[in-house]
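Atom set for the values below is all heavy atoms of this structure, side chains included, hydrogens, waters and symmetry mates excluded. Residue numbers start from 1 in every chain, and the chains themselves are labelled A, B, ... in the order their sequence lines are given, proteins ahead of strands.
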There are 2 protein chains.
Amino acid sequence: MKPGEALKCWHDVNMYMVHDEQPDLSVRQMAILLTIYLEAPPHTVRGLAKRLGVTKPVITRALNTMGRHDLVDRRRDENDRRNVLVQRTVTGALYLEKLADLIAEKAR
Amino acid sequence: MKPGEALKCWHDVNMYMVHDEQPDLSVRQMAILLTIYLEAPPHTVRGLAKRLGVTKPVITRALNTMGRHDLVDRRRDENDRRNVLVQRTVTGALYLEKLADLIAEKAR
DNA sequence: ACACATCGTTTCGGATGCGTATCATCTTTG
DNA sequence: CAAAGATGATACGCATCCGAAACGATGTGT
């Protein structure tokens, strides 16, 4: 894939997101969501903050927002009740599945 | 390209943007920037607003923000001085060139 | 038990973005 | 020329997000 084609694909997907997207996910929120769904669990607030190079409140707020849209879920870690385990949801999986199909289609 | 690969590529690029990006461009700003650089000029505020399906102030504000970072430039249309012609800059072209290379690399 | 460390959340002041409504400027029309 | 239309910018109130700091809850070590 050539850089020019890559940019056009990126543009197409961004345009789709601007038009369609119900909740307007920021780049950071998208990065968090994808990390949760693509990388191996468990996912904690601290871990995600370190992975993305942002502060903890950023993660907390993003989880609040995405949780409101049922894209992610939170649960206490019963082994160490200080931790919060971030978990996937059906809604989130469907959302990313749709996005994946869109990107794959535009990448052609 | 399969959906799973597409999503991973998307993730990689988003992660890079969160880590590196000096100005944190939103999805809308990115869509505007790419429209300016990929689609045929002339680009006006009204035209961009219609193209993206957002209101005019959204475009004005995005141009302010991106103009501060020298990613775009504005100029009066001398034929019809009501219009503002949005123009590309060297900084913006370099920025997108780097992004294009990154996407193309991650898409492999 | 007690002090200390760790984790997630909340608070604070400030910055930015949003849509609606309005404004200033310029152009076209009668 | 005056009125109407078009265009981009601005004012307003609201919502969200940011990082730093403080906080409550939980775990660890002595």
Inset, instruction - Please work out which residues in residues 46-65 of chain B have a non-hydrogen atom less than 4.0 Å from an atom of DNA chain D and list them by number. - result: B:R46, B:K56, B:P57, B:T60

Inset, instruction - Supply the atom-to-atom distance A:L99 CG to A:Y16 OH, rounded to the nearest 0.5 angstrom. - result: 8.5 Å

Inset, instruction - Starting from C1' on D:dG24, measure out to CZ on A:R76 and report it in whole angstrom. - result: 10 Å

Inset, instruction - Compare side-chain N and O positions of A:R68 against OP1 and OP2 of D:dA15 and report whether any pair is under 4.0 Å apart. - result: no

Inset, instruction - Send over the distance from A:L85 CG to C:dC7 C1', rounded to a whole Å. - result: 12 Å

Inset, instruction - Check the distance between D:dT28's P and A:N79's CG and give it to me in whole angstrom. - result: 10 Å

Inset, instruction - Calculate the interatomic distance between A:R82 atom CZ and D:dG27 atom P; express it in whole Å. - result: 7 Å

Inset, instruction - Would you indicate whether the side-chain heavy atoms of B:L34 and A:M15 approach each other to under 4.5 Å? - result: no

Legend entry - Name of the residue among B:L85, B:T60, B:N83 meeting side-chain contact (heavy atoms from CB on, under 4.5 Å) with B:V45: B:T60

Inset, instruction - Classify the nucleic acid contact of A:T44 as base, sugar-phosphate or nothing, counting any heavy atom under 4.0 Å across all strands shown. - result: sugar-phosphate

Legend entry - CZ/A:R46: more than 12 non-hydrogen atoms of other groups inside 6.0 Å: no

Legend entry - Cluster link B:L38 to B:V13, ILVMFWY, side chain under 4.5 Å: yes

Legend entry - Short side-chain N/O contact from B:R28 to OP1 or OP2 of C:dC18, under 4.0 Å: yes

Inset, instruction - Would you mind telling me which of C:dG17, C:dG8, D:dT26 lies closest to the side-chain atoms of B:Q29? - result: C:dG17

Legend entry - Spacing of CG belonging to B:L33 relative to CG belonging to B:L48, to within rounding of 0.5 Å: 10.5 Å

Inset, instruction - With the side chain counted from C-beta on, respond yes when B:L25 and B:M66 share a heavy-atom pair under 4.5 Å apart, and no when they do not. - result: yes

Inset, instruction - Let me know the distance between CZ of A:R81 and P of D:dA25, rounded to the nearest Å. - result: 12 Å

Inset, instruction - Return no unless some side-chain N or O of B:R74 is found under 4.0 Å from OP1 or OP2 of D:dA9. - result: yes

Legend entry - Atom-to-atom span, CG of A:L25 to P of D:dT16 - whole angstrom: 14 Å

Inset, instruction - Could you tell me whether the phosphate oxygens of D:dG8, OP1 or OP2, come under 4.0 Å of any side-chain nitrogen or oxygen in B:N83? - result: yes

Legend entry - Between C:dT25 (C1') and B:D80 (CG): distance, integer Å: 11 Å

Inset, instruction - Can you tell me the distance, in whole Å, between the NE2 atom of A:H43 and the P atom of C:dG8? - result: 13 Å

